[in-house]
Amino acid sequence: MEYKFTDIEQKWQQQWKNSNTYRVSNTSSKPKYYVLDMFPYPSGAGLHVGHPLGYIASDIYSRYKRLKGFNVLHPMGFDSFGLPAEQYAIETGQHPAETTQKNIATFKSQLDKIGFCYDWEREVRTSDPSYYRWTQKIFLDLFNSYYDKAANKAMPISQLLAQFKNTGNPAGTHYAPFTASQWNGFDNKTQQDILMHFRLAFSKYGEVNWCEALGTVLANDEVVNGLSERGGHPVVKKKMRQWYLRITDYADRLLQGLETVDFSDSMKDMQRNWIGRSEGAEMDFDIKDNHQKLRVYTTRPDTIFGVDFMVVAPEHELVNQIKSASQAAAVDEYVAYVKSRSDVDRMAEKKITGCFTGAYAINPFNGVEIPVWISEYVLAGYGTGAIMAVPCGDERDFKFAQHFNIPITNIIGQHFNGQEANPTKEAILENSGFLNGLLMKDAIGTAVAAIEQKGIGIKKINYKMRDAGFSRQRYWGEPFPITWQDGVAQPLQQTNLPLQLPHVDKYGPGPEGEGPLANIAEWVNSPEGRRETSTMPGYAGSSWYFLRYMDPTNTETFCSRSASDYWNQVDLYIGGTEHAVGHLLYSRMWTKVLYDLGYIGFDEPFKRLVNQGMIQGSSRFVYRIAGTNQFVSAGKKNEYDVQPLHVDVNIVDGVQLDVEAFRKWKPEFADAEFVFEDGTFSLSCSMGAVKDMQYICGVETEKMSKSKYNTVNPNELCDKYGADTFRMYEMFLGPVEQSKPWDTKGIEGVHRFLRKLWRLFFDELKGRVWNNDAATDAELKILHRTIKKIEEDTERFSFNTAVSTFMICVNELADAKCHKKEVLQQLLILLTPYAPHIAEELWSQLGNSGSILDASYPVLNAALLVESSKAYPISINGKVRANINLALDLDQAAVEQLVLQHEVVQKWLEGKAPKKIIYVKNKMVNVVL
RNA sequence: ACUCGGGUGGUGGAACUGGUAGACACGCAGGACUUAAAAUCCUGUGCUCCGCAACGAGCGUGUGGGUUCAACUCCCAUCCCGAGUACCA
């Protein structure tokens, strides 16, 4: 009986489906465990071998946890709203709903082929109205909430409204103060406009990243180097009315929350950098001969006496009010120049530019007059849009001063060499008035105190992170449940949700930069007013999907409190690093809001995050002699004028090209001729493969993509070797977290292992070979060593070494000719998470009924691993020279005595006594001469 | 430039708290079975040297130094690769 993996896998996949093996209940006496994959965007290309890496890892862990007695939630769904589907729709004339439907079907069939244990009854799709009605509902919650700074949490906006009515807005908030009577005197529009400044989801005119080619606004993290992340189109700044999420109010909690979760250091670091918290002070400088004050932000108030000039962002509103008559023309010209420069220009050439405004600020501590400049290196959007420049301590300020010949004041003595700025905090201050003699890092506090005491500034914390843009001028996304009446946003009643996306035939942009929805008059003009025509961004639906899996069919709420209380946080979340600052920050924020509003009982969504590495493609090249249909082997390519062409990796064995397959690959290569590695030449006529005539391809590691012909379809590997082999091979390739190029070559080794395992049970000739004999101690030792190692490896996500452990175990059992059920049965349970199909099959062949997933996990008998004595290496001065057999219960003194009697040790000692003998229990003995 | 990872055989990678570096697998070489192939099995495989051989010696984890009886592992310096951020005051 041989290992017929195709039959076995089909049989069990069907069996699992029929008996609902993977259905999960929300009521169980078992402890819960929630394993989640970042759900995929169902693109038209289907899965390639890179995608399932994380899914296999999570599947292994889920099955392992289930065997260990947990009630495991392991769902899957689709992030099915988004730009590519819409782009594809425009290109092919199909509706995104149709293509999405088709793509999801392909994805699901591919996933099922690998044998994942998803509970498909919990599947979610973000583009389903039954799903996005809740995305819209949560949006309304965001819209109807504000961040209460005192309580440090989100509260219903009705509370704020009551406060405005009764006591007004006190001084010190981000909005100008007003009294209750003032508030009550405002008309509705004014009141609503003010409330808009507090809502967590709010609308305002703002500079946005506008991408002309895509016809939409992009979030900061969707823009890379001034180009769109998708497609690489230029992005410009544009003023538009947009929706935003007030994520900046959560900056501190997003930062603090990182302390409570188990993410990798680099992941936490990326989030910290993105949030970009900095502590400093804001202070006002009087402008000479002018009533204006210039407010700057600095993290180094200790350097206040080293300020040689001020720099204001060119867009700053103060510029026009303070520029002197003589400098006005130059300032206007410079501002025009800056406006003409796009982000791409700025990135490409960073040169020092600027213009003196003619105005002077007064240093409040010594009355010195400081020239005020404008320059594009100061950003309008950060801090106050103005800085105090300290050239001896800041590199950019220094270069600016040098470029414009501004004299530099040295306040750090020898620490400043005049050649470059020194940003140290360890210097003793000089030329610094009341700060003289203080260490800079101590002077920061002193300076802030003085600033606050003078009433010219306050301590201030700033963040790099901006509020998140939340609207897109696109069709394929969630419509906003908002209508506009006389410039006031009106939320839709919750009972009217979902607000369904209308069907359109044309996806072209609407007028004035609006989205395609603006073209549908009957939709835009609703009885309640004019509908919002933009849609929500891709991250809306993915910010809360992990909650919906807990209670996927609830029609009363997005997720009942009892369900979210039971499943609680995602215990293990697996996905790529590319979502470090996008999805992960947004979903963390949404979770905090839902927690603040009392919908859920936890404020961090993901307890532990594991980032799987990217599997890159390993491309193969053939070299065509320019202008001919002749191809040169890699080793000879330098002798000709060649043009490298990507060749399908699936017709290359390692690096050796299958010449016949190549001729059949594309019609243009049908009569290709070859110059082989040994220099021999082939004729175009078909000829049998001659052994020594090898065509060697070039190799390069690149991103996996169809156009590079380096994609490998998991379906084909499953057909050829079986899903179990495929799963184990993906794991065997290396650590899950590591990126690595795909190489199909080694898959044979894993396949051989599974066949060898099969032969422990069945022999091709003899048939059944497993038996019911009692296992020997030696055999049980092999088993229990494996139990121990597999458990350790699985727990710490070291799946590659776990696969090795299985191989060693099977090799040892085969060598020992051990075919005993007592041992094999336990081994199968260990193997189940990794190779579920073959484990199920052999489990039932051994005469067990029911799924192996309901078997009890083997218990380690540690006593079986203990040896009575052990061979220890003896090293002399760190170098191993001999071995000695020692009983395990010996103490240091007894070991020393035995070691000294050892003939090799005596030879080295030459009659002298050793300095000391080190005995590391269970490891080794070292003699120091 | 800054921050975070990472450099181990021909290749992918093991070595968990410092304790016999190179597990396991691929590849390669040789052999058995076979008319032959496939499949399977066995042996060898870091480098260098000595020898017919058993055996033995030396060198080896990017590079240079240090701590230690003992370093892939810890410390200092330096080079290279990858990821992220990019005028954030």
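Labels below follow one simple rule: chain letters A, B, ... track the order of the sequence lines, proteins then strands, and each chain is numbered from 1. Heavy-atom basis, side chains included; hydrogens, waters and symmetry copies ignored.
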*Asks:* Could you tell me which nucleotide pairs with G9(B) by Watson-Crick or G-U wobble geometry, both distances under 3.5 Å, or answer none if nothing does?
*Replies:* none

*Asks:* How long is the line joining NZ of K720(A) and P of A39(B), in whole Å?
*Replies:*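 Answer to the nearest Å: 11 Å.
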
*Asks:* Short question: side chain of D467(A), backbone of I247(A) - any donor-acceptor pair under 3.5 Å?
*Replies:* yes

*Asks:* Between I876(A) and E748(A), name the one whose nearest nucleotide on RNA chain B is closer to the 5' end.
*Replies:* E748(A)

*Asks:* Rounded to whole angstrom units, what separation is found between the OH atom of Y729(A) and the P atom of C24(B)?
*Replies:* 18 Å

*Asks:* Under 3.5 Å, which protein N or O atoms sit close to an N or O of nucleotides 2-5 of chain B? Give each pair with its distance.
*Replies:*
unit_1	atom_1	unit_2	atom_2	d
U3(B)	O2'	D269(A)	OD2	2.6

*Asks:* For Y377(A) and A89(B), is the shortest distance between a side-chain N/O and OP1 or OP2 below 4.0 Å?
*Replies:* no

*Asks:* Taking any strand in view, what nucleotide pairs with C33(B) in a Watson-Crick or G-U wobble way, both distances under 3.5 Å?
*Replies:*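 Its partner is none (no Watson-Crick or G-U wobble pair with both distances under 3.5 Å).
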
*Asks:* Over 60° means perpendicular and under 30° means parallel, so tell me whether F404(A) and W373(A) are parallel, tilted or perpendicular.
*Replies:* tilted

*Asks:* Return the value, rounded to whole Å, for the distance between atom NZ of K4(A) and atom P of A39(B).
*Replies:* 19 Å

*Asks:* Do you see a donor-acceptor pair shorter than 3.5 Å between the side chains of Y377(A) and T353(A)?
*Replies:* no

*Asks:* Please check if the side chain of T786(A) supplies one atom and the backbone of C809(A) the other of a donor-acceptor pair under 3.5 Å.
*Replies:*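 No, because the side chain of T786(A) does not come within donor-acceptor range (under 3.5 Å) of the backbone of C809(A).
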
*Asks:* If you measure from the P atom in G44(B) to the same atom in A39(B), how many Å do you get, rounded?
*Replies:*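 G44(B) and A39(B) have their P atoms separated by 22 Å.
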
*Asks:* I'd like to know whether the aromatic ring centres of Y61(A) and F799(A) sit less than 6.0 Å apart in this structure.
*Replies:*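 Ring-ring flag for Y61(A)/F799(A): false, centres at least 6.0 Å apart.
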
*Asks:* Once you round it to whole Å, what is the distance between P of U20(B) and CD1 of I918(A)?
*Replies:*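 These atoms are roughly 14 Å apart.
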
*Asks:* List, with names and distances, any nitrogen or oxygen atoms from the protein found under 3.5 Å away from nitrogen or oxygen atoms belonging to nucleotides 40-42 of chain B.
*Replies:*
unit_1	atom_1	unit_2	atom_2	d
U40(B)	OP1	R755(A)	NH2	2.2
U40(B)	O3'	R759(A)	NH2	3.2
C41(B)	OP1	R759(A)	NH2	3.0

*Asks:* Suppose you measure atom P in G12(B) against the same atom in G27(B); what distance do you get, rounded to whole Å?
*Replies:* 15 Å

*Asks:* Would you please name every residue forming a salt bridge (charged side-chain N to carboxylate O under 4.0 Å, His left out) with D284(A), sequence neighbours left out?
*Replies:* R295(A)

*Asks:* Please measure how far the P atom in C42(B) lies from the corresponding atom in A25(B), and state the result in whole Å.
*Replies:* 11 Å

*Asks:* Distances under 3.5 Å only, N/O to N/O: pair up the protein atoms with those of nucleotides 12-16 of chain B.
*Replies:*
unit_1	atom_1	unit_2	atom_2	d
G12(B)	O2'	L733(A)	O	2.7
G13(B)	OP1	Q738(A)	OE1	2.9
G13(B)	O3'	N800(A)	ND2	3.4
A14(B)	OP1	N800(A)	ND2	3.1
A15(B)	OP1	R796(A)	NH2	3.4

*Asks:* Which nucleotide, G27(B), A89(B), U20(B), lies nearest any side-chain atom of V880(A)?
*Replies:*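 From the listed options, U20(B) comes nearest.
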
*Asks:* Grab the OH-C1' distance between Y919(A) and U20(B) for me, whole Å please.
*Replies:* 16 Å

*Asks:* Expressed as a whole number of Å, how far does the C1' atom of U78(B) sit from that of A53(B)?
*Replies:* 47 Å

*Asks:* When you measure from the centre of the six-membered ring of Y919(A), is the NZ or CZ of K921(A) under 6.0 Å away and within 45° of the axis?
*Replies:*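 No, K921(A) does not lie over the aromatic ring of Y919(A).
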
*Asks:* Applying a 4.0 Å non-hydrogen cut-off, can you work out what K464(A) is touching in the nucleic acid: base, sugar-phosphate, or nothing?
*Replies:* base

*Asks:* Cut-off 3.5 Å, side chains only: do S804(A) and T801(A) have a donor facing an acceptor?
*Replies:* no

*Asks:* For the residue pair F806(A) and Y834(A), is the inter-centroid distance of their aromatic rings smaller than 6.0 Å?
*Replies:*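 Yes, the ring centres sit under 6.0 Å apart.
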
*Asks:* Under the rule syn = chi within 90° of 0, otherwise anti, which is G9(B)?
*Replies:*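 Glycosidic conformation of G9(B): syn.
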
*Asks:* Looking at the rings of H751(A) and F5(A), which for Trp means the six-membered one, are their centres under 6.0 Å apart?
*Replies:* yes

*Asks:* State the pairing partner of U20(B); accept Watson-Crick or G-U wobble contacts with both distances under 3.5 Å, and report none otherwise.
*Replies:*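 Base-paired to nothing in any strand shown.
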
*Asks:* Partner of C59(B) by Watson-Crick or G-U wobble geometry, both contacts under 3.5 Å, or none?
*Replies:*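 Pairing partner, where one exists within any strand: G46(B).
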
*Asks:* With a 3.5 Å limit on both atom pairs, tell me what G64(B) is paired to, counting Watson-Crick and G-U wobble, or say none.
*Replies:* C76(B)

*Asks:* Checking Y382(A) against S278(A): is there a side-chain donor and acceptor pair closer than 3.5 Å?
*Replies:* yes

*Asks:* Is the Y729(A) to W742(A) ring centre distance short of 6.0 Å?
*Replies:*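 That pair passes the under 6.0 Å test.
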
*Asks:* What residues, two or more places apart in sequence or in another chain, satisfy salt bridge (charged side-chain N to carboxylate O under 4.0 Å, His left out) together with E748(A)?
*Replies:*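 By the salt bridge (charged side-chain N to carboxylate O under 4.0 Å, His left out) rule, E748(A) matches no residue at all.
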
*Asks:* Measure NE2/H403(A) against C1'/C87(B) and give the value in whole Å, please.
*Replies:*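 About 15 Å, once rounded to whole Å.
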
*Asks:* Determine the interatomic distance between C1' on U3(B) and the same-named atom on C72(B); round to the nearest Å.
*Replies:*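 U3(B) and C72(B) have their C1' atoms separated by 25 Å.
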
*Asks:* Do the side-chain N or O atoms of S278(A) get closer than 4.0 angstrom to the phosphate oxygens (OP1, OP2) of A89(B)?
*Replies:* yes

*Asks:* Look at all strands and tell whether M807(A) reaches a base, only sugar-phosphate, or nothing, counting heavy atoms closer than 4.0 Å.
*Replies:*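 M807(A): backbone/sugar contact only, no base atoms under 4.0 Å.
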
*Asks:* Does G84(B) have a Watson-Crick or wobble mate here (both distances under 3.5 Å), and if so which one?
*Replies:* C2(B)

*Asks:* Using the P atom as the point on both nucleotides, what is the distance between U67(B) and C80(B), in whole Å?
*Replies:*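 Here C80(B) and U67(B) have their P atoms 28 Å from each other.
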
*Asks:* In whole angstrom, give the distance that lies between atom CE of M270(A) and atom C1' of A86(B).
*Replies:* 15 Å

*Asks:* What contact category does D394(A) fall into here, base, sugar-phosphate, or nothing, at under 4.0 angstrom with non-hydrogen atoms?
*Replies:* nothing

*Asks:* Between K745(A) and D743(A), is the closest basic N to carboxylate O distance under 4.0 Å?
*Replies:* no

*Asks:* Measure the distance from CD on Q616(A) to C1' on A83(B) and round it to the nearest whole Å.
*Replies:*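 Nearest whole value for this atom pair: 11 Å.
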
*Asks:* By nearest atom, which of the nucleotides A89(B), G27(B), C24(B) is closest to the K745(A) side chain?
*Replies:*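 Taking heavy atoms from C-beta onward, the closest nucleotide is G27(B).
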
*Asks:* Taking atom P in both G22(B) and G10(B), what distance in whole Å separates the two?
*Replies:*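 G22(B) and G10(B) have their P atoms separated by 16 Å.
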
*Asks:* Identify, with sequence neighbours excluded, every residue that meets ring-ring contact (aromatic ring centres under 6.0 Å, His included) alongside W908(A).
*Replies:* none

*Asks:* Taking the P atom of each, how far is U63(B) from C79(B), in whole Å?
*Replies:* 15 Å

*Asks:* So what's A71(B) paired with, Watson-Crick or G-U wobble, going by both distances under 3.5 Å?
*Replies:* none

*Asks:* Closer than 4.0 Å, any side-chain N/O of N811(A) to the OP1 or OP2 of A25(B)?
*Replies:* yes

*Asks:* Please give the nucleotide sitting opposite A89(B) as a Watson-Crick or G-U wobble pair, both distances under 3.5 Å, or none.
*Replies:* none

